[in-house]
Amino acid sequence: MRIATIDLLKILAIFLVILAHVTLFFLNRDESDVVLCFFRQAGLSGVALFFICSGYFLLNNKHENQANYVIAKIKSIVGVLIFWLLFYYAYDTWWISRFTDVPEINLLNYLNVSKATTEATPLWFIFAIIPLYIFTPLMRHAFKKERAGEILKVVVLMVIIANLTLINAWTEVSFHFSLFAFNLLIPFQPEGLICFLIGGYLGLVKPTLRPFSVAHIMTLIMAIAALLILAFISSGAGIAIFYGKFYNLLLLITSVGLFLFVVNLNINALPRWVSNVSDSVLGIYLVHNIFVVEVHSVFIHEKLLGSIPGAKSYLYIIAYSLLAFILAYGLCALLKRSKITARIVTL
């Protein structure tokens, strides 16, 4: 089932991800810059939105055989994943290395994107979504309207326990102790699990807000406020304290707030080209780092900034992100013209 506002959310999410990846070059030079932290955390909210949208549909799907449904999706995604891992290995080794120093990493280590920092690192999301697919048949049968209250209580409890991890991180840095045992915390920390469940809950209850009512506007205000607070904290404590922790409360407020605001806009249909972009979001995610070159982008940005007198870094980041987005979509559109190449950018 196609939902126009979800299409818009997916496009917003992928742009925020690209924005965050372009920002990394500048953030490495000034980790205390609040605006750069805002851009980077906005990218994390984009990833959280992907997890929420996945849960929204997967945990409310109508397939009779849930196991066969997810196994078919996993088979499809594994083939795509293998292709892009090999592509980025070749891209780093034989192309990017012509312009800048690229550490030599053998293929077997390169394939482990959680260990090696390379242009294939963004593919971690594809690895993270596979376990959620596997969990879907177990969780789908619990997602019934009469159990919505129970599901909400469990999700809230998971959020509270998961966020004790951040309290541990703060007390460890400030007072050299961590109060809560890791054994309690780790079951609630798998990347995207809580966002996935929140998406499933939202798809189940479908909360409705009158467009541009006080409650509707407040969802956007809360989302932006939470993101600003997260950016200010990150600029002082360092981006690493929150990075990859999609259960952190401020990020959840941002992502859920954006989700509720966009989904409740009075939009029932979109222009065909917008739908085409939405259909290409996975492909854009897979190919965008060809143009962003997140890890080894020094040679790109230094040259471009040097050739644009008086360029402002914030505007440059937004402009380059938009350019990378357009180029990534253009490449996807070309690849989708052939049935053979379409398989590497679609499921």
Side-chain angles (χ1 to χ4, degrees), residues 14 17-18 20-25 27-28 40 43-44 46-47 50-51 54 70-135 189-193 239-240 243-244 246 280-303 324-325 327-332 334-336 338-347:
I14 189 60
V17 168
I18 293 173
H21 289 172
V22 174
T23 299
L24 181 62
F25 166 78
L27 193 60
N28 285 337
R40 191 70 172 171
L44 289 182
V47 177
F50 280 134
F51 283 124
S54 297
V70 299
I71 288 171
K73 291 186 76 68
I74 291 169
K75 284 181 180 177
S76 178
I77 205 167
V78 165
V80 171
L81 180 58
I82 291 171
F83 173 84
W84 287 106
L85 283 169
L86 295 175
F87 172 85
Y88 279 112
Y89 176 75
Y91 188 64
D92 265 346
T93 305
W94 294 305
W95 180 249
I96 297 300
S97 61
R98 294 185 178 190
F99 306 99
T100 189
D101 292 331
V102 175
E104 188 174 335
I105 303 173
N106 68 55
L107 178 60
L108 295 179
N109 282 326
Y110 194 97
L111 296 178
N112 186 347
V113 297
S114 60
K115 182 178 181 181
T117 302
T118 67
E119 302 313 329
T121 297
L123 296 177
W124 70 264
F125 175 81
I126 310 299
F127 283 100
I129 205 72
I130 291 174
L132 299 179
Y133 282 163
I134 295 172
F135 291 152
Q189 293 179 351
E191 284 173 322
L193 174 60
I239 199 78
Y243 195 75
F246 296 101
S280 300
V281 161
L282 173 65
I284 294 171
Y285 186 87
L286 293 168
V287 309
H288 79 276
N289 219 26
I290 296 173
F291 308 105
V292 172
V293 194
E294 181 185 15
V295 176
H296 303 108
S297 60
V298 174
F299 74 98
I300 296 174
H301 299 309
E302 286 187 345
K303 185 171 184 178
F325 175 86
L327 291 173
Y329 171 67
L331 177 56
C332 286
L334 288 174
L335 291 172
K336 290 169 77 172
S338 164
K339 289 184 179 180
I340 296 175
T341 53
R343 293 177 183 175
I344 62 175
V345 289
T346 55
L347 294 182

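- In terms of heavy atoms, Ile284 sits closest to Cys332 at N-SG, 3.3 Å.
- Although no hydrogens or angles enter the test, the distance criterion places no donor-acceptor pair under 3.5 Å between the side chain of Trp84 and the main chain of Val345.
- The distance from the CG atom of Leu86 to the CG atom of Leu107 is 6.5 Å, given to the nearest 0.5 Å.
- With values rounded to the nearest 0.5 angstrom, Ile239 atom CD1 is found 7.0 Å from Leu44 atom CG.
- In terms of heavy atoms, Tyr110 sits closest to Tyr88 at OH-O, 2.9 Å.
- Between the CD1 atom in Ile290 and the OH atom in Tyr91 there is a gap of 6.0 Å [rounded to 0.5 Å].
- Taking every heavy atom of both residues into account, Phe135 and Leu193 meet most closely at CD1-CD1, 4.5 Å.
- Contact of the Phe299 side chain with the Ile96 side chain is registered, since non-hydrogen atoms from C-beta on lie closer than 4.5 Å.
- Separating the CZ atom in Phe127 from the CG atom in Asn112 is a distance of 7.5 Å, to the nearest 0.5 Å.
- Of all non-hydrogen atoms in Asn109 and Ala116, the two that sit nearest each other are O-CB, 3.7 Å.
- Crowding of Tyr133 atom OH: a count of heavy atoms from other residues, nucleotides or ligands under 6.0 Å exceeding 12.
- Panel note: side chain Thr121, backbone Thr118; a donor-acceptor pair is recorded below 3.5 Å.
- Using cut-offs of 30° and 60° on the angle between ring planes, the pair Phe51 and Phe246 is perpendicular.
- Heavy-atom minimum distance, Gly43 versus Ala20: CA-CB, 3.4 Å.
- Remark: Asp101 CG is loosely packed, at most 12 non-hydrogen atoms of other residues, nucleotides or ligands lying under 6.0 Å away.
- Among pairs with a residue in residues 280-301, those fulfilling side-chain hydrogen bond (donor to acceptor under 3.5 Å, both in side chains) read His21-His288, Arg40-Glu294, Glu119-Asn289, Glu119-His296, Ser280-Lys336, His301-Tyr316, at least two apart in sequence or across chains.
- Classified by interplanar angle (parallel below 30°, tilted 30° to 60°, perpendicular above 60°), the ring pair Phe87/Phe83 is parallel.
- Distance check, rounded to the nearest 0.5 Å: CG of Leu282 to CD1 of Ile126 gives 5.5 Å.
- In terms of heavy-atom proximity, Val113 sits nearest to Ala120 at CG1-O, 3.5 Å.
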Phe50 and Val281: CA distance, side-chain angles, deciding distance, side chain to side chain contact (heavy atoms under 4.5 Å, CB included) verdict: CA-CA 10 Å; Phe50 280 134; Val281 161; 3.4 Å; yes
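- Expressed to the nearest 0.5 Å, how far CG of Leu123 lies from CG of Leu286 amounts to 6.5 Å.
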